[in-house]
Undergrad: 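The structure's right below; bear with me while I get my questions together.
Hydrogens, waters and symmetry mates play no part in the numbers below; they use all other heavy atoms, side chains included. Whatever order the structure lists them in is the order used to number ligands and atoms, beginning at 1.
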Amino acid sequence: MENALNLDTVLLAENKKDLIILDQTLLPNECKYLTMNRAEDIWEAIYSLRVRGAPAIGVAGGYGYYVLADQVETEDMDTFVAECTKIMEYLNSSRPTAVNLSWALNRMHGVLLAEKDGKTVAEMKVRLMQEADAIREEDIQISRNIGAYGFELLEKLGKGVGVMTHCNAGTLATAKYGTALAPIYIALENGWDGKQDLHVYCDETRPLLQGARLSAYEMQAAGVDTYVQCDNMASYTMKSGKIGIIFVGCDRVAANGDFANKIGTSGVAIIAKHYGIPFYVCAPSSTIDMTMESGDEIRIEQRKPEEVTEMWYAQRMAPEGVGVVNPAFDVTDHSLVTGIITEKGIATAPFKESFERMGIKPVEKFVDKK
Ligand code: MRU
C-alpha cells in the first residue's frame, strides 16, 4: 500500500497547461490521476469530491484559475480581467462551505487586479502560475506547522495515545501532511512507533465514507494501528477510555470559534464534552473567516439524495420516494472546542480575541473597480 504522503493530490502538469488531480472517489481501491483543462471538468472534479478537503480544493481553485486564465486569447488586459472574473465566479460555485476555495480564487484575482498595470497579458499569466504554485507550497508548510503544534499535545498525553478523527483531514485533503492527521505524521517523523505509540480511530463518515476510505487508508499505509468505526460507535469508543484526544479538520471557522466541518462533527464534539475528552480543530488560518461573526452565517452545502440512498451500496437500500436529508457539513458550537490549532499557534476561548492576537483579519474581497 503506497504511503499517501508520496501521492500528490493536486498539481500542475509539466506542460503548465493542465491540472492533474488524484481521483479520491476511487481510493483506496484504485490510485488514478486525472488530467484536465476544461472549466466544466475542473468544476465537476471539485463538486464530485474527486479532489476534496478544504485546503486541497483551495489549491485546485488556484491552479484551476491559472489553467483557465492561460487559455484566454486576448492581449487586451480589460478583456482578460473580465474573463478571469467569470472563471473565478464559475469555479467558486462548485462548493460553498469551505472558505479555502473562495479564499484561493480571491487571492489569485487580487494578484491580477493589483499587478495588471504595466504588465502584458502574457506576463500576467506567468505571474498567476507563480501565485498558484505559492498557494500549494505554503499549504505544505502550514500543514507541517499545524502538525508540530498537534504533536506537542500528543507528547503531553504520552505514547500509546488513542486519537479519534472524523472525515478525512489528512494528506489527501491538503497539498501534503493534512491538518487533523498532520500530528500523526509528525509523531512518526519523530520516531514514534505507529503500531505501539499511536492508535487512530476513524469515523467512517456517512454518506461519502471519507473516514473509512481515505483516513483509514492513509493511517494504515503509514504503518499506524488503525480502526474504522461506524459513526454511531463513536460514543462507545469514547466511553471505553481508549481516546485521549480528538483532532478534526474544518471548512470554515467563524470569528467566535463556531466552525463547519463534515456532517457529524458536531455530534462527536458533544459526546467528547460529555466524556471530558479534549476536542481540537486543526485549520490553516486561511480557514478562519473573520467576516462571519458566528456559525449561523455559514452556508451549509446540501447534496444529492442518492449519496445517502444508493452510493456505495450494491443495491439501493432505502425505499423509493423517501425524503432524504443530506447536508454535507454541520456547525459545531465554539463552547465544545478545546482549541483551534493553526499554523500560527493554538487559539483558545474567547476565540475572536485569540485570532486577533494571532493577526488574523477579515480577508479583503478583490473586485474589479472599473
Ligand atoms: O466534503 P469533504 O470531503 O470535502 O469534507 C472535508 C472535510 O470536512 C474536512 O474535514 C475539511 O475539509 C478539512 S480538510 C483538511
Undergrad: Using a heavy-atom cut-off of under 4.0 Å, does the side chain or the backbone of C167 touch ligand 1, or both, or neither?
TA: side chain
Undergrad: Does an N or O from T179, backbone or side chain, lie closer than 3.5 Å to an N or O of ligand 1?
TA: no
Undergrad: Keeping N326 on the side-chain end and K304 on the backbone end, is there a donor-acceptor pair under 3.5 Å?
TA: yes
Undergrad: Please answer whether the main-chain N or O of N37 pairs with a side-chain N or O of D18 as donor and acceptor at a distance below 3.5 Å.
TA: no
Undergrad: Find all atoms of ligand 1 within a distance of less than 4.0 Å from any non-hydrogen atom belonging to A173, and give their numbers and elements.
TA: 14 (S), 15 (C)
Undergrad: Geometry only, no angles: is Q210 polar-contacting ligand 1 at N/O separations under 3.5 Å?
TA: yes
Undergrad: When you measure from atom 9 (C) of ligand 1 to each heavy atom in N261, I46, T287, which option holds the nearest one?
TA: N261
Undergrad: Is K32 salt-bridged to D23, cutoff N-O under 4.0 Å?
TA: no
Undergrad: Polar contacts were defined as any N/O atom of the residue lying under 3.5 Å from an N/O atom of the ligand; does this apply to R52 and ligand 1?
TA: yes
Undergrad: At a 4.0 Å cut-off, with the gap strictly under it, does some heavy atom of R95 reach an atom of ligand 1?
TA: yes
Undergrad: Relative to the ring of Y177, is the ring of Y185 parallel (under 30°), tilted (30 to 60°) or perpendicular (over 60°)?
TA: perpendicular
Undergrad: Flag the pair E83 and K86 as a salt bridge only when some basic side-chain nitrogen lies within less than 4.0 angstrom of an acidic carboxylate oxygen.
TA: yes
Undergrad: Do the side chain of T165 and the main chain of F247 share a donor and acceptor less than 3.5 angstrom apart?
TA: yes
Undergrad: For atom 11 (C) of ligand 1, find the nearest protein heavy atom and state the residue, atom name and distance (0.1 Å precision).
TA: D251 OD1, 3.1 Å
Undergrad: For ligand 1, is there an atom lying under 4.0 Å from some heavy atom of P55?
TA: yes
Undergrad: Answer with yes or no whether A328 contacts ligand 1, where contact means a heavy atom under 4.0 Å from a ligand atom.
TA: no
Undergrad: I need the nearest protein heavy-atom contact for atom 5 (O) of ligand 1: residue, atom name and distance, please.
TA: K262 CE, 3.3 Å
Undergrad: Report yes or no: do E218 and N168 form a side-chain donor-acceptor pair below 3.5 Å?
TA: yes
Undergrad: Establish, yes or no, whether the cationic atom of R303 lies under 6.0 Å from the six-membered ring centre of F329 and within 45° of the ring axis.
TA: no
Undergrad: Looking only at N/O atoms, are A54 and ligand 1 under 3.5 Å apart anywhere?
TA: yes
Undergrad: Please work out which of C250, G53, G264 has its closest non-hydrogen atom nearest to atom 13 (C) of ligand 1.
TA: C250
